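Accompanying notes for the structure given below.
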Amino acid sequence: MRCYFFLVLYFITFYISAQEKYPQDTFGSPLDIPLILAGTFGELRSNHFHSGIDIKTQQREGLPVSAIADGTVTRIVVSHWGYGKALYVAHPNGYTSVYAHLQKFGPEIEAYVKKVQYQKQSYEVEIFPDYGELNIIKGSTIAYSGNTGGSAGPHLHFEIRSSVSGKPTNPLLYGYDVRDATDPTVLGLYGYPLSDGALVNQSAEKIQINYTKQADGSFLADPVSAIGTIGFGVNSFDRLDMAANKNGVYAVKQTVNGQVYSEFDFETFSFGETRYINTLIDYEYFYDHRQRIQKCFKEPYNHLSIYKSLYNDGKIDVEEGMSYNVELLISDLAGNATKLIIPVDGKLEEEKISKEDRTTDNFVIADKPNNFDLGAAKVYFPANTFYEDFFIELKKGNDTIMIHDNSVAAHRNFTISFDPSKYTEEDRKQLFIAHLDSDMRPSYSKTYKRDGSFTTRTRTLGTYTLVKDSIAPEIRPKNFKKKQWLSNYSYLSLTISDDLSGVDSYTATLNGKWILMEYEPKTNTITYNFDDNISNETECELQVTVTDNVGNSTTYTGTFFRK
């Protein structure tokens, strides 16, 4: 009962603090439907934290998106990937709201964007309107929800940022009503020996620890024997009401004998630090199992600002003969919490699981630049490409090289340079640097060809080679045929694809005039909307040219009729 009282007191204090810090009645809802989330703020994603909330749109596109307050549009982005179509609105109180993966913008903004697209003759644009040029009022329709960019399904990605620092903050701190009555779920608990000679349950390697649910709803781990400096990690998720998605937890707090050793939450973070997610999680475990263990201790190369409290970097110095009561409190923003109790006894025992020997012939010093000659290619790692020093596995080859594997995270780009001199000049035009997956299937890595060398910059370790692409892209009409009357059509679309290096660019004209084609890479579709009114002629000649990443091109020409 005493434990429950302190939990309630903790969350009441946090709630009052959030109300004082963030305006509660200023912002309206971006959608006129109940807010059900597919993704939460700070959720662990590949190489980044999720910077907003993903609001479900009832599995459909085209829902009106409303301005959450009066403001002015400061940035508009239209991209094939990332946020797709996105809108940034600055508000007088110092905040900026962001709406992403949009289907289209509101009429005034849509016309503004299309004018720029036709001026630049480009679908992809980034526009910074003058302050006050596109003013909007609270509750007005500024866009329609969609599935553009890197979205995996229809939803609205929504953010609230500081207009001064640009840092995103958790939108749920501003009083939005999202139903959540479910405690976070724990999938796994792990012990980490961190110092020389340290052991957890007689293991010098990370080890999984079993636990059982107690009558009061908490979880009790099996007794842990340890010696030396150790740490704990937890794999967990949160689930909100009316949604099956496994979302990220809001906060993790670790206490040892009643003292807070580590505490972090996802109130806010900066985009400049987001790649340090790879130091919060056990990246090697993620590579092997596609699950993310969050470390309750802070590595020396971890520069995240999410920590509210740290003692000894969350590491526990276990002495022989001493006992330690470790508690992990995993919570969501609604105040639901799961407690995991870990009894630890200091015991010097025989080592049964030894530390794996990972030595190779090559060693990378993280804070210094590193160069390696691999025969077919040279590799250059700038200083601080990696988070820590490690033995790197490298394999030379005449055509193919191997640079370790993706069990190690790269924080910044490194350079791979191939020598193509053994190929003819004609062949070089169709060559590109490819990354090979585990099944040896190639994928294009952006290739720069200059000074007799092919180079690519990447953060992906693994196997690389030179691949020749001699096949031009394909273009096929999707919703029409040549010589067809299209008077009642609102749009026309075509499928474009390339089997190897991938589509690099496309362009289209109607009776010789450039037209805006919207490209959706997820469906390999380009679409023209007849509302653009580029041609009022009855007989229309459409010409579409698609070029792949090595310069192979295909042109489709067809005539249709329209009144």
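Reckoned from all heavy atoms, side chains included, excluding hydrogens, waters and symmetry mates. Please read these numbers as outputs of a predicted model, since none were measured by experiment.
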**Distance flag, aromatic centroids of Y519 and Y506, threshold under 6.0 Å** = yes
**Request:** Check F269, Y174, F266 against F41 for a ring-ring contact (aromatic ring centres under 6.0 Å, His included) and give me the one that passes.
**Result:** F269
**Message:** In this structure, is the centre-to-centre distance between the rings of Y491 and Y489 below 6.0 Å?
**Reply:** no
**Prompt:** Between Y118 and W514, does the ring centre distance come in under 6.0 Å?
**Reply:** yes
**Asked** Taking the six-membered ring for Trp, is the centroid-to-centroid distance between H289 and Y285 below 6.0 Å?
**Response** yes
**Asked** Do side-chain atoms of D548 reach the backbone of P473 as a donor and acceptor pair under 3.5 angstrom?
**Response** no
**Prompt:** Under 3.5 Å, is there a donor-acceptor pair between the side chain of D54 and the main chain of K56?
**Reply:** no
**Message:** Between T458 and H435, is there a side-chain donor-acceptor contact under 3.5 Å, judged purely by atom types and distance?
**Reply:** no
**Donor-acceptor pair, side chain of T279 and main chain of Y276, under 3.5 angstrom** = yes
**Asked** Looking just at side-chain N and O atoms, do T96 and S163 make a donor-acceptor pair shorter than 3.5 Å?
**Response** yes
**Message:** Please determine whether a side-chain nitrogen of the Lys or Arg among D282 and K295 lies less than 4.0 Å from a carboxylate oxygen of the Asp or Glu.
**Reply:** no
**Prompt:** If you measure only the distance, is there a donor-acceptor pair under 3.5 Å linking the side chains of T456 and S445?
**Reply:** yes
**Prompt:** Between Y301 and H411, does the ring centre distance come in under 6.0 Å?
**Reply:** no
**Distance-only donor-acceptor check, side chains N235 and Q291, under 3.5 Å** = yes
**Prompt:** Ignoring hydrogens and geometry, is there a side-chain-to-backbone donor-acceptor pair from S165 to S162 under 3.5 Å?
**Reply:** no
**Request:** Would you please say whether a donor-acceptor pair under 3.5 Å links the side chains of E43 and N247?
**Result:** yes
**Item:** Near-ring test F271/H48, centroid separation under 6.0 angstrom
**Value:** no
**Asked** Parallel, tilted or perpendicular: which fits the ring planes of F158 and Y99, with parallel below 30° and perpendicular above 60°?
**Response** tilted
**Message:** For K85, is there an ion pair with E518 - N to carboxylate O distance below 4.0 angstrom?
**Reply:** yes
**Message:** Counting the benzene-type ring for Trp, do Y83 and H157 have ring centres under 6.0 Å apart?
**Reply:** yes
**Prompt:** Within 45° of the six-membered ring axis of F530 and under 6.0 Å from that ring's centre, is NZ or CZ of R562 located there?
**Reply:** yes
**Asked** Are any side-chain N or O atoms of R275 and backbone N or O atoms of A410, one a donor and one an acceptor, separated by less than 3.5 Å?
**Response** yes
**Asked** Between the side chain of D332 and the main-chain N/O of G335, is any donor-acceptor distance below 3.5 Å?
**Response** yes
**Message:** Going by the rule side-chain contact (heavy atoms from CB on, under 4.5 Å), which residues pair with S305 if we only count those two or more places apart in sequence or in a different chain?
**Reply:** E273
